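Worksheet: the structure to be examined is printed underneath.
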Amino acid sequence: MGLKELILNHRSQVTTRWYHRLVEEIPAEAKKKILGTSDRFSNPIGFALSEGTQDIFDCFFNERPNADLEKALDKIVKIKAIQAITPSEAVHFVFLLKEVLLEVLEGAIKASEALEEWLEIEREIDRLVLIVFDLYSKAREKLYEIKVNEMKAKTHMLRRISGDIS
Amino acid sequence: MADGNPKKADLAKSIETESLFLGGIKPDKEWTELPVEFKPGNFNYPTKPDIIEKLGFPNPRKWTPLDEDWKLPENWKEIILQALKDRLEKNRALKLFMDTCVRCGACADKCHFFLGSGDPKNMPVIRAELLRSVYRGEFTRAGKILGKMVGGRKLTKEVIKEWFMYFYQCTECRRCSVFCPYGIDTAEITMLGRELLHLLGVNINWILEPVVNCDRTGNHLGIEPHTFKQVVESLVDDVKEITGVKVNPTFNRKGAEILFITPSGDVFADPGIYTMMGYMLLFEHIGLDYTISTYSSEGGNFGSFTTPEMMKKLNAKMYMEAERLGVKWILGGECGHMWRVVHQYMNTMNGPADFLEVPVSPITGTPFSNAKSTKMVHIAEFTADLLKNEKLKFDARRNNHIRTTFHDSCNPARAMGLLEEPRYILKRVVNNFHEMPENTIREKTFCCGSGSGLNTGEYMETRMRGGFARANAVQHVHDKHDVNTLTTICAIDRVTLKAAMDYWVPDVQVAGLHELVGNALIMEGESERTEDLREDELEDFEQGEGKDE
Ligand code: SF4
Ligand code: SF4
């Protein structure tokens with residue numbers, strides 16, 4: 001069995017662990033609550049992280065079209081882009097995927113015959129990081145755009161009667 | 001790697017262990033140990049000194065939350081403790097809120113700011129604890145002696161900073177109180193917390209500048225009467241262009257039957273203006289005898305986010321204008337906090353308005369006995385009554401391009417229980433209406449994340465965190481039913497949810513209820529309608545076969 005197939009067979013272990021690694025970073029008192037329910041509407045962030053990690057996994061390892069992959073990544077990136085964290089902290093979640101894969105499939109990955117394939121997967125994950133950087137910048141740009149649009153919208157009619165817009 | 005730089009492994013480790021996930025907080029620490037860190041995006045700009053001076057509020061100065069020294073008055077501690085003591089003596093509810101919380105945690109995960117940030121201090125129970133711990137530490141015997149052991153702490157400058165951060169990270173939406181078995185209302189605690197902070201000159205410009213403007217010219221933007229009138233007239237021209245019908249609002253007309261008051265956002269802001277066009281079409285349609293005051297030209301009341309005195313002062317102009325113009329009663333537009341003020345405080349604050357009559361719809365004859373004390377009727381009640389009595393001619397197919405859901409704004413939903421009327425109207429004037437999930441609507445509705453005067457540009461990141469729970473439910477109906485419009489009856493929502501949608505669910509626009517009413521109305525003498533009030537093209541359908549009601 002190839003490494004990729006093996007990873008696909010361990011989908012639930014990998015995605016669950018990845019999700020847990022993401023919520024590990026939430027303060028203790030909050031974590032209990034976040035992990036306490038899987039209802040999408042009572043726990044929107046938990047749901048988005050859980051769904052996001054699974055979608056990314058599926059798109060990535062099943063080689064779905066780039067657009068789907070980006071959509072899945074964007075779910076998590078948008079949440080990260082508005083927290084009080086640095087850009088590097090925001091994109092860090094992708095690196096966690098490597099670590100989780102190593103934890104779950106350490107033996108198989110370290111076997112010499114899988115090394116080539118692992119290096120290839122690692123390279124692909126690095127590519128994910130680049131996509132995430134782009135998405136992160138886009139989300140930040142969007143925020144600035146929203147700020148400007150909101151200022152303009154607020155005085156829409158005043159700008160109109162002053163001839164600034166028609 | 002050069003000396004002095006962290007080793008690669010250390011760097012990775014530090015990102016991992018110190019990684020600040022949601023709100024920029026270190027994991028596995030008690031909330032009391034979590035530092036308060038101000039960063040761009042998580043605070044609102046402080047009030048400009050001249051604004052504070054105009055209001056006669058204490059301690060005008062230049063400062064920012066990023067400063068180490070906030071330049072508090074020298075006797076800051078004395079001021080707060082004395083003010084808290086006074087309020088505990090005067091305000092029984094507050095004393096009860098301080099004493100009764102059993103820390104059951106039912107409210108903990110009900111706040112949109114918590115759900116979007118994971119920051120424990122955004123759990124309502126802890127938000128209240130920020131004040132309660134000081135109350136215990138400084139006022140109760142056990143707390144004075146045992147301190148931390150019984151959850152008491154001393155008032156320090158750090159606590160003031162924490163209050164500023166978290167009492168301005170609460171939109172006073174009251175969702176948490178719906179879930180509290182004791183009915184503890186954290187919004188009241190936030191209001192009090194903000195009130196205390198005013199005494200030190202710790203407040204935000206976005207709230208106080210509109211207060212000053214409102215005080216001076218009657219509306220948040222500080223627009224003078226002639227410009228206000230000019231703007232409405234320009235909307236009249238738009239309506240004419242789109243529908244072929246000239247609507248005829250009047251201004252400051254003595255002897256009109258009804259005074260119409262709406263938030264100025266409906267007059268000045270996009271997309272609020274489409275709701276304004278909707279009101280004017282409706283009033284023309286039924287031949288309503290109404291007038292608009294250019295002095296009481298603001299339904300909103302940022303005084304309510306400031307102090308009870310300021311709320312009272314700004315609210316007073318509604319009755320003053322009603323009396324001056326000699327109207328019979330007041331009709332109020334789509335607004336959130338305006339209705340909280342009207343419904344919960346106006347009569348005791350500025351009433352009784354004996355010079356007004358118990359409102360009766362001139363079209364249907366229905367008396368609005370629920371408005372017997374305030375003499376002010378919500379436009380959704382008014383229009384629902386018109387529909388019920390089949391007084392409107394309309395064609396819902398003119399809204400066929402709109403697939404909508406309804407956002408219950410916090411104040412109409414939780415402060416006045418206005419849940420059915422807007423739905424009653426929506427279901428008639430729109431053919432595609434889909435509710436969001438039950439635990440996100442009606443009295444459990446999620447806040448837009450920017451209410452109570454927090455809708456500033458500089459606060460966008462925090463606002464987006466706060467708006468995530470709402471947006472997540474909209475996303476759900478967008479995916480499931482292809483919903484493309486979020487309808488709401490609050491002028492602040494029309495601005496703030498637009499921002500939240502642009503970020504989280506970009507395919508969904510935000511509309512007012514009466515915008516959709518206006519779209520659907522069949523006006524006498526109208527030209528063939530090809531566009532809605534936004535000048536977006538209508539979907540094809542056979543005109544002239546509209547169902548009448
Ligand atoms: S009133 Fe609203 S914003 Fe404030 S703590 Fe309660 S749920 Fe949160
Ligand atoms: S639900 Fe009420 S009693 Fe329970 S922790 Fe919250 S405020 Fe306290």
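None of the values given here were measured: they were computed from a predicted structure. Chain identifiers are assigned alphabetically (A, B, ...) following the order of the sequence lines, protein sequences preceding nucleic acid strands; residue numbering begins at 1 within each chain.
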Which atoms form the tightest heavy-atom contact between B:Asn472 and A:Pro44, and what is the distance?
-> ND2-CB, 3.6 Å

How many angstroms lie between CG in A:Asn149 and CG in B:Asp502, if you round to the nearest 0.5 Å?
-> 7.0 Å

Quick one: what part of B:Asn455 sits under 4.5 Å from any heavy atom of chain A, side chain, backbone, both or neither?
-> backbone

Reported CD1-to-CE distance for the pair B:Ile273 and A:Met157, which is rounded to 0.5 angstrom | 5.5 Å

Answer yes or no: is there a side-chain heavy-atom contact under 4.5 Å between B:Arg463 and A:Glu150?
-> yes

Given the options B:Lys498, B:Met464, B:His476, B:Gln230, which has more heavy-atom pairs under 4.5 Å with chain A than any of the others?
-> B:His476

Only counting residues at least two apart or in another chain, list the ones meeting side chain to side chain donor-acceptor pair (under 3.5 Å) with B:Gln475.
-> B:Asp479

Do B:Thr227 and A:Ile161 have side chains that get closer than 4.5 Å, going by heavy atoms?
-> yes

Residues which pass salt bridge (charged side-chain N to carboxylate O under 4.0 Å, His left out) with A:Lys71, listed by chain and number, not counting sequence neighbours = none

Using non-hydrogen atoms only, which part of A:Thr86 is less than 4.5 Å away from chain B: side chain, backbone, both, or neither?
-> neither

Measuring heavy-atom distances to chain B, does A:Arg40 have an atom under 4.5 Å in its side chain, in its backbone, in both, or in neither?
-> both

Give, as side chain, backbone, both or neither, the part of A:Ala48 having an atom under 4.5 angstrom from any heavy atom of chain B.
-> side chain

Given the rule in the side chain to side chain contact (heavy atoms under 4.5 Å, CB included) test, do A:Phe41 and B:Met436 qualify, once you have shown the distances and angles that lead to the verdict?
-> CA-CA 10 Å; A:Phe41 305 104; B:Met436 286 182 274; over 6 Å; no

Rounded to the nearest 0.5 Å, how far apart are CD1 of A:Ile85 and NZ of B:Lys39?
-> 9.0 Å

Can you say whether B:Asp238 sits under 4.5 Å from chain A via the side chain, the backbone, both, or neither, judging by heavy atoms?
-> side chain

What part of A:Asp74 gets closer than 4.5 Å to chain B, counting heavy atoms only: side chain, backbone, both or neither?
-> neither

d(A:Asn43 CG, B:Phe114 CZ) to nearest 0.5 Å is 8.5 Å

Engaged part of B:Asn439 at the chain A interface, taking heavy atoms whose separation is under 4.5 Å = side chain

Verify, without hydrogens or angle tests, whether A:Gln83 (side chain) and B:Gly116 (backbone) share a donor-acceptor contact under 3.5 angstrom.
-> yes

Interatomic distance, B:Ile223 atom CD1 to A:Thr155 atom OG1 [nearest 0.5 angstrom] | 9.0 Å

Ion pair present between A:Arg160 and B:Asp270, side-chain N to carboxylate O less than 4.0 angstrom?
-> no

Contact check, side chains of B:Phe468 and A:Ile82, non-hydrogen atoms, under 4.5 Å | no

Select, from B:Pro437, B:Ala469, B:Ala499, the one with the greatest count of heavy-atom pairs under 4.5 Å involving chain A.
-> B:Pro437

Region of B:Thr440 in contact with chain A, defined by heavy-atom distances below 4.5 Å = side chain

Mind checking whether A:Lys142 and B:Met460 have side chains closer than 4.5 Å, heavy atoms only?
-> no

